[in-house]
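Remarks on the structure that follows.
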Amino acid sequence: MSDLDAKKIQLIMDLRREGIGDLSILNAIERVPRELFVPETFREHAYDNRALPIPSGQTISQPYVVAYMTAALELTDRHKVLEVGTGSGYQAAVLAKLCRRVYTVERHMDLLREARARFEQLDLHTIVSRHGDGAAGWPEQAPFDRIIVTAAAPETPNKLAEQLADGGIMIAPVGPDGGHQWLVRIKRDGDRFETSELLSVRFVPLVSE
Ligand code: SAH
């Protein structure tokens with residue numbers, strides 16, 4: 001067994017111990033080679049349970065946070081999911097193992113280009129991506145069963161929540177850049193939006209024009 005494979009198994013066990021109990025999510029994480037999503041110099045740390053830097057001053061989220069957010073989405077293989085903040089493409093790749101289609105938006109063209117090459121290389125053909133401001137969502141493709149935001153907005157992104165289908169769930173980090181942020185869950189019930197706070201987190205900022 002390679003060093004990375006051993007580290008991957010260790011990571012899966014750590015995630016289980018930390019409360020990620022859904023086997024389909026652990027399985028998805030096992031099937032996505034995180035080493036392909038991090039810069040060459042961090043490859044040996046690909047299965048450390050921590051966030052790592054990616055180009056353009058951004059970060060690939062900690063595996064625990066990826067697993068936690070994925071679990072909070074309560075995905076099925078029928079779901080159409082919007083991701084705001086493609087970054088490396090790692091979270092989108094994990095989602096693609098669990099849902100019908102992923103629509104992902106990134107504002108940095110260089111990151112998006114690299115992410116697209118990874119989707120191609122890994123045969124992830126159910127991921128559709130777009131360059132632009134994801135804070136506006138993807139109106140042409142709305143509504144979405146699920147929305148996941150992977151950059152922190154200072155306030156709950158209500159505009160995005162309006163692109164949720166009835167009964168839909170959005171998971172988003174909310175709070176000031178570098179300050180106290182919470183992972184927030186918004187559930188749509190008709191015209192009502194029910195918000196709850198899940199977990200204290202730290203994300204790069206959602207930058208919107
Ligand atoms: N999900 C990513 C995490 C990337 S970090 C992964 O798995 O690697 C957050 C990303 O959100 C960054 O790439 C950043 O450029 C992007 N971002 C920030 N504001 C954005 C916006 N308004 N629209 C689209 N992408 C945005």
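All values derive from a computational prediction rather than experimental measurement. Whatever order the structure lists ligands and atoms in, that order sets their numbers, starting from 1.
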Output, or 'none' if empty, a list of ligand 1-protein atom pairs in which both atoms are N or O and the distance is under 3.5 Å, rounded to 0.1 Å.
| from | atom 1 | to | atom 2 | distance (Å) |
| --- | --- | --- | --- | --- |
| ligand 1 | 1 (N) | E83 | OE2 | 3.0 |
| ligand 1 | 1 (N) | G85 | O | 3.0 |
| ligand 1 | 1 (N) | T150 | OG1 | 3.2 |
| ligand 1 | 7 (O) | Q91 | N | 3.0 |
| ligand 1 | 8 (O) | S88 | N | 3.0 |
| ligand 1 | 8 (O) | S88 | OG | 2.7 |
| ligand 1 | 13 (O) | E106 | OE1 | 2.7 |
| ligand 1 | 13 (O) | E106 | OE2 | 3.4 |
| ligand 1 | 15 (O) | E106 | OE2 | 2.6 |
| ligand 1 | 19 (N) | V207 | N | 2.9 |
| ligand 1 | 22 (N) | D133 | OD1 | 2.7 |
| ligand 1 | 22 (N) | V207 | O | 2.7 |
| ligand 1 | 23 (N) | G134 | N | 2.7 |
| ligand 1 | 25 (N) | R107 | N | 3.3 |

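Considering V81, L82, T104 in turn, V81 is the only one that fulfils the side-chain contact (heavy atoms from CB on, under 4.5 Å) rule with I148.
In this structure, K80 is positioned above the aromatic face of Y103, its NZ or CZ under 6.0 Å from the six-membered ring centre and within 45° of the axis. A cation-pi arrangement, defined by a distance under 6.0 Å to the six-membered ring centre and an angle within 45 degrees of its axis, is present between R34 and Y90.
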Any chance you could lay out the side-chain hydrogen bond (donor to acceptor under 3.5 Å, both in side chains) test for S24 and D22, step after step, and finish with the verdict?
CA-CA 6 Å; S24 66; D22 187 329; 2.7 Å; yes

CA sep, side-chain torsions, deciding dist, call: Q58, S88, side-chain hydrogen bond (donor to acceptor under 3.5 Å, both in side chains)
CA-CA 9 Å; Q58 305 303 316; S88 68; over 6 Å; no

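Side-chain N/O atoms of N49 and E18 include a donor and acceptor closer than 3.5 Å.
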